[in-house]
Visitor: 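Okay, here's the structure, questions in a sec.
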Amino acid sequence: MFDFKYKLFGRSKGRKRNKNLILNNLDEFDFNIKKDLNKALFNILDIGSGNGENAIYLSKLYPNARIITCEIFEDGNINLINQINKLHINNILLFKGNALQLLDELKKDMIFNQVWILFPDPWPKKRHHKRRLINHAFLNYIYNFLKDSGRIMISTDSNEYVQLMFNLIYELKHKYKWENQNYQTWNYEFLDLAETKFYKKALNSNRKSTFFSLKKI
Ligand SMILES: C[S@@+](CC[C@H](N)C(=O)[O-])C[C@H]1O[C@@H](n2cnc3c(N)ncnc32)[C@H](O)[C@@H]1O
């Protein structure tokens, strides 16, 4: 599907050794497609879940939903498992790998009620633009995995990514309805959303974060 299939550009391990690495249940919450895929559930996919703040937030907001996180960054996954242990959360499962691999393994099945991608890596340099996760092909592809009226939620603090989103929304207007078309509803600060690490980073640097909610037509 993608010519850069499964190639990873970000960091998968932290610079410093994670002091929380010693966990005796590192694999307990692994998402196993054969065992854990249940289309009848309210399924939420959180791509690039980072430290897991959004997954934790969603697990409380939707206690009956199944939240599947997808993250290549080992320290992020460990932080999330720590929180799952601490808070006794029972509706989050982790896919510790590349989202594109997970999607390929799921084989274009209409599984998800919601797909979240908060603060995808912006790759600002022009020569790196093709590394961006979100593009026309990706939004077209992920459409196949959404249930009827399913939603994809995206946020970014990169002006360039916002521009890209506007272009994609226009190009794909026959596939997705852009639901939050005014300032009050696209300004991340005004919304009840998870305060993720990258949202806080943006806030501390006075960068505005924009939120997009796209509904499958
Ligand atoms: C800028 S961080 C945002 C993390 C988190 N969503 C937040 O708001 O704090 C982007 C994350 O996406 C992850 N990522 C990038 N490409 C990915 C892919 N193809 N599959 C899974 N995770 C990916 C990176 O490892 C990184 O942790």
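Quick caveat, the model's predicted, so the values are computed rather than measured. First listed ligand is number 1; within each ligand, the first listed atom is number 1.
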Visitor: Does NZ or CZ of K216 come closer than 6.0 Å to the centre of the six-membered ring of Y143, within 45° of the ring's axis?
Guide: yes

Visitor: If we only count N/O pairs under 3.5 Å, is F119 in contact with ligand 1?
Guide: no

Visitor: Are N51 and T196 side-chain neighbours, meaning at least one heavy-atom pair lies under 4.5 Å?
Guide: no

Visitor: Shared ILVMFWY cluster between I217 and Y170, side chains joined below 4.5 angstrom?
Guide: no

Visitor: Using a 3.5 Å cut-off on N or O atoms only, is Y199 in polar contact with ligand 1?
Guide: no

Visitor: What atoms of ligand 1 come closer than 4.0 angstrom to any heavy atom of D121?
Guide: 1 (C), 2 (S), 10 (C), 15 (C), 24 (C)

Visitor: List the atom of K108, the atom of F145, and the distance in Å for their closest heavy-atom pair.
Guide: N-CE2, 3.2 Å

Visitor: Only heavy atoms count here, so choose which of A202, G48, G50 is nearest to atom 12 (O) of ligand 1.
Guide: G48

Visitor: At a 4.0 Å threshold, what atoms of ligand 1 neighbour a non-hydrogen atom of C70?
Guide: 21 (C), 22 (N)

Visitor: Using distance alone, determine whether P120 and ligand 1 share an N or O pair under 3.5 Å.
Guide: no

Visitor: Answer yes or no: are there more than 12 heavy-atom neighbours, outside K208 itself, under 6.0 Å from its atom NZ?
Guide: no

Visitor: For ligand 1, which atoms sit closer than 4.0 Å to a heavy atom of T196?
Guide: 7 (C), 8 (O), 9 (O)

Visitor: Give a yes-or-no answer on whether the side chains of S213 and E179 include a donor-acceptor pair shorter than 3.5 Å.
Guide: yes

Visitor: Identify whether NZ of Lys or CZ of Arg in R66 sits under 6.0 Å from the centre of the six-membered ring of F42 and within 45° of that ring's axis.
Guide: no

Visitor: Find all atoms of ligand 1 within a distance of less than 4.0 Å from any non-hydrogen atom belonging to A99, and give their numbers and elements.
Guide: 18 (C), 19 (N), 20 (N), 21 (C)

Visitor: Is R131 close enough and on-axis enough to W123, meaning under 6.0 Å and within 45°, for cation-pi?
Guide: yes

Visitor: Which atoms from ligand 1 have a heavy atom of G97 less than 4.0 Å away?
Guide: 20 (N), 21 (C)

Visitor: Less than 4.0 Å is my threshold; does some heavy atom of L100 fall inside it relative to ligand 1?
Guide: no

Visitor: Hey, does I47 come in under 3.5 Å of ligand 1, counting only N/O atoms on both sides?
Guide: no

Visitor: Considering distance alone, does some N or O of E53 sit under 3.5 Å from an N or O of ligand 1?
Guide: no

